[in-house]
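A short worksheet on the structure shown next.
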Amino acid sequence: MDRPFIFINSAMSADGKLSTKERKQVKISGKLDFERVDELRAQADAIMVGIGTVLADDPSLTVKSPERKAARKIAGKNENPVRIIVDSAARIPLDADIFKKGEGLRIIAVSNSAPAEKIKSLGEKALVIKTGDLKVDLGGLVAKLKEMGINTLMVEGGATLNWGMLSVGLVDEVYTFVGNLIIGGKTAPTFVDGEGFTEAELSGLELLSAEKIEEGILLRWKVKGKIN
Ligand SMILES: NC(=O)C1=CN([C@@H]2O[C@H](COP(=O)(O)OP(=O)(O)OC[C@H]3O[C@@H](n4cnc5c(N)ncnc54)[C@H](O)[C@@H]3O)[C@@H](O)[C@H]2O)C=CC1
Ligand SMILES: Nc1nc(O)c(N)c(N[C@@H]2O[C@H](COP(=O)(O)O)[C@@H](O)[C@H]2O)n1
């Protein structure tokens with residue numbers, strides 16, 4: 001394959017929301033799910049999120065457990081997977097947590113429309129990869145990641161990037177943790193936002209497993225592509 005194996009991991013409320021209408025991150029899952037996500041991070045070559053997630057949550061995207069970080073070191077890797085932000089217009093603040101916390105390569109994926117001055121400043125903190133004219137070309141980006149030796153890519157949202165990846169057929173598997181709360185609100189981000197598929201374009205899934213974790217359920221899906 002000329003791209004990495006790509007999977008999405010997201011935590012959603014029982015009504016499919018990723019966060020509140022104010023884009024505020026809320027606790028959807030508990031300690032056991034946190035550990036599961038940390039293990040997925042530790043096993044991945046790279047983790048990717050959209051700029052909307054950075055602006056809303058300012059995540060560090062680091063591996064949290066000292067044991068998992070040590071195991072990566074023993075395997076000759078950095079403590080953290082490569083951390084990638086999809087950021088067409090290079091809006092990421094230079095003091096974002098992904099720059100401040102943890103070791104390892106950061107990649108900011110921008111488009112040709114990103115301002116040159118900002119790209120220059122980002123170049124001091126991260127590798128900047130340019131694809132696409134107004135919007136990052138996700139297919140082009142993942143092909144470059146593969147060339148760099150990234151074989152497993154974990155996508156951690158948000159709603160728009162999930163759509164971007166799924167809509168162009170770049171996702172192999174999906175993990176959705178469904179938590180025991182309702183968030184509601186028609187403007188609250190859902191698992192997949194963006195334009196949405198038409199009936200003719202719907203993407204089918206095969207259920208690989210379903211597991212109760214604490215008060216929620218973890219579903220693992222294989223993406224099958226177009227149903228119709
Ligand atoms: N519960 C969970 O597991 C998670 C929740 N979230 C929540 O999701 C929300 C953020 O989601 P969004 O605002 O939708 O932002 P997002 O994180 O999906 O980023 C979207 C941005 O990615 C950029 N992008 C560049 N090229 C693209 C392309 N080709 N296709 C798609 N996007 C492209 C665009 O600038 C776009 O605005 C936050 O409220 C955050 O808390 C985020 C991650 C995980
Ligand atoms: N709201 C929410 N609930 C959960 O149960 C989650 N697992 C997440 N995941 C996302 O993970 C990011 C935090 O990463 P760091 O701890 O800073 O490394 C953040 O973007 C959350 O939206 N979210």
Side-chain angles (χ1 to χ4, degrees), residues 8-42 44 47-65 68-69 79-81 83-92 96-102 104 108-114 129-142 154-168 170-171 174-181 183 185 187-195 213-216 218:
I8 295 178
N9 182 82
S10 288
M12 63 168 89
S13 59
D15 56 327
K17 309 291 184 190
L18 297 186
S19 59
T20 67
K21 61 186 174 186
E22 306 100 341
R23 294 188 128 57
K24 273 252 174 335
Q25 192 187 340
V26 289
K27 188 173 171 297
I28 295 174
S29 60
K31 193 172 173 342
L32 283 180
D33 193 61
F34 174 90
E35 290 299 332
R36 177 191 66 82
V37 175
D38 201 50
E39 179 61 24
L40 282 179
R41 282 186 182 182
I47 307 174
M48 184 161 96
V49 298
I51 182 63
T53 297
V54 173
L55 298 176
D57 302 345
D58 198 15
S60 65
L61 303 177
T62 50
V63 172
K64 301 295 185 294
S65 131
R68 292 187 185 105
K69 284 198 272 205
E79 277 184 1
N80 297 299
R83 289 172 279 169
I84 305 163
I85 312 300
V86 180
D87 183 12
S88 303
R91 291 186 290 152
I92 189 166
D97 258 6
I98 73 142
F99 297 128
K100 291 192 284 200
K101 295 192 179 150
I108 310 300
V110 301
S111 73
N112 292 323
S113 68
I129 296 183
K130 225 193 246 191
T131 61
D133 286 336
L134 290 176
K135 234 167 61 165
V136 169
D137 167 9
L138 295 172
L141 172 64
V142 297
M154 174 175 182
V155 177
E156 285 203 53
T160 310
L161 182 63
N162 288 350
W163 161 255
M165 297 294 286
L166 284 160
S167 63
V168 294
L170 288 177
V171 183
V174 169
Y175 292 86
T176 49
F177 179 87
V178 184
N180 62 335
L181 76 167
I183 296 178
T187 57
T190 64
F191 171 54
V192 180
D193 282 350
E195 240 175 80
I213 300 181
E214 292 165 333
E215 296 308 311
L218 173 69

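Read the numbers this way: they start at 1 and go in the same order the structure lists the ligands and their atoms.
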**Prompt:** Between CZ of Arg36 and CG of Asp38, what distance do you get to the nearest 0.5 Å?
**Reply:** 11.0 Å

**Asked** Taking both backbone and side-chain atoms of Ser29, is any N or O found less than 3.5 Å from an N or O belonging to ligand 2?
**Response** yes

**Request:** For Leu138, counting its heavy atoms only, list the atoms of ligand 1 lying under 4.0 Å from any of them.
**Result:** 28 (C), 29 (N), 30 (N)

**Request:** Would you indicate which of Thr53, Thr190, Val155 comes nearest to atom 17 (O) of ligand 1 when only heavy atoms are counted?
**Result:** Thr53

**Message:** Side chain, backbone, both or neither: which applies to Ile28 and ligand 2 if a contact is any heavy-atom pair less than 4.0 Å apart?
**Reply:** both

**Fill in**
Note: heavy atom closest to atom 16 (P) of ligand 1, options Gly158, Gly139, Ala188, belongs to Gly158

**Prompt:** For ligand 1, which atoms, with element, lie under 4.0 Å from some heavy atom of Lys135?
**Reply:** 26 (N), 28 (C), 29 (N)

**Prompt:** Considering distance alone, does some N or O of Leu161 sit under 3.5 Å from an N or O of ligand 1?
**Reply:** yes

**Asked** atom 9 (N) of ligand 2: protein heavy atom closer than 4.0 Å?
**Response** no

**Message:** Between Val171 and Val155, is there a side-chain heavy-atom distance shorter than 4.5 Å?
**Reply:** no

**Request:** For residues 8-32, pull every pair meeting salt bridge (charged side-chain N to carboxylate O under 4.0 Å, His left out), keeping only residues two or more places apart or in separate chains.
**Result:** Lys31-Glu35

**Prompt:** Of the listed options (Asp193, Ile8, Thr160), which comes nearest to atom 31 (C) of ligand 1 when hydrogens are ignored and any heavy atom counts?
**Reply:** Thr160

**Request:** Would you tell me which option among Ala11, Ser88, Pro189, Pro59 has the nearest heavy-atom contact to atom 26 (N) of ligand 1?
**Result:** Ser88

**Request:** Name the closest protein heavy atom to atom 34 (C) of ligand 1, giving the residue it belongs to and the distance to 0.1 Å.
**Result:** Ile51 CG2, 4.2 Å

**Asked** Leu61 to ligand 2: N or O pair under 3.5 Å?
**Response** yes

**Message:** Evaluate Ser60 for polar contact with ligand 2, using N/O atom pairs at a separation under 3.5 Å.
**Reply:** yes

**Asked** Is ligand 1 under 4.0 Å from a heavy atom in the side chain of Glu156, in the backbone, in both, or in neither?
**Response** backbone

**Asked** Between Val37 and ligand 2, is there a nitrogen or oxygen pair with a distance under 3.5 Å?
**Response** no

**Asked** Could an N or O of ligand 1 be found under 3.5 Å from any N or O of Gly164, whether backbone or side chain?
**Response** no

**Complete:** Nearest heavy atom to atom 13 (C) of ligand 2, choosing from Gly216, Gly50, Pro59, Pro189, belongs to Pro59

**Request:** Look only at interatomic distance and state if Arg41 has a nitrogen or oxygen under 3.5 Å from any nitrogen or oxygen of ligand 2.
**Result:** yes

**Prompt:** Of the listed options (Gly140, Gly132, Ser19), which comes nearest to atom 7 (C) of ligand 1 when hydrogens are ignored and any heavy atom counts?
**Reply:** Ser19

**Message:** Under 4.0 Å, heavy-atom basis, I'd like to know which part of Ala159 is in contact with ligand 1: side chain, backbone, both or neither.
**Reply:** both

**Asked** What distance do Arg41 atom CZ and Leu61 atom CG have between them, rounded to the nearest 0.5 Å?
**Response** 5.0 Å

**Prompt:** If you measure from each heavy atom of Asp57 to ligand 1, is any distance below 4.0 Å?
**Reply:** yes

**Item:** Ala56 N/O to ligand 1 N/O under 3.5 Å
**Value:** no

**Asked** Counting both backbone and side chain atoms, is some N or O of Arg23 under 3.5 Å from an N or O of ligand 1?
**Response** yes

**Any Val26 heavy atom less than 4.0 Å from ligand 2** = yes

**Prompt:** Hey, does Lys64 come in under 3.5 Å of ligand 2, counting only N/O atoms on both sides?
**Reply:** yes

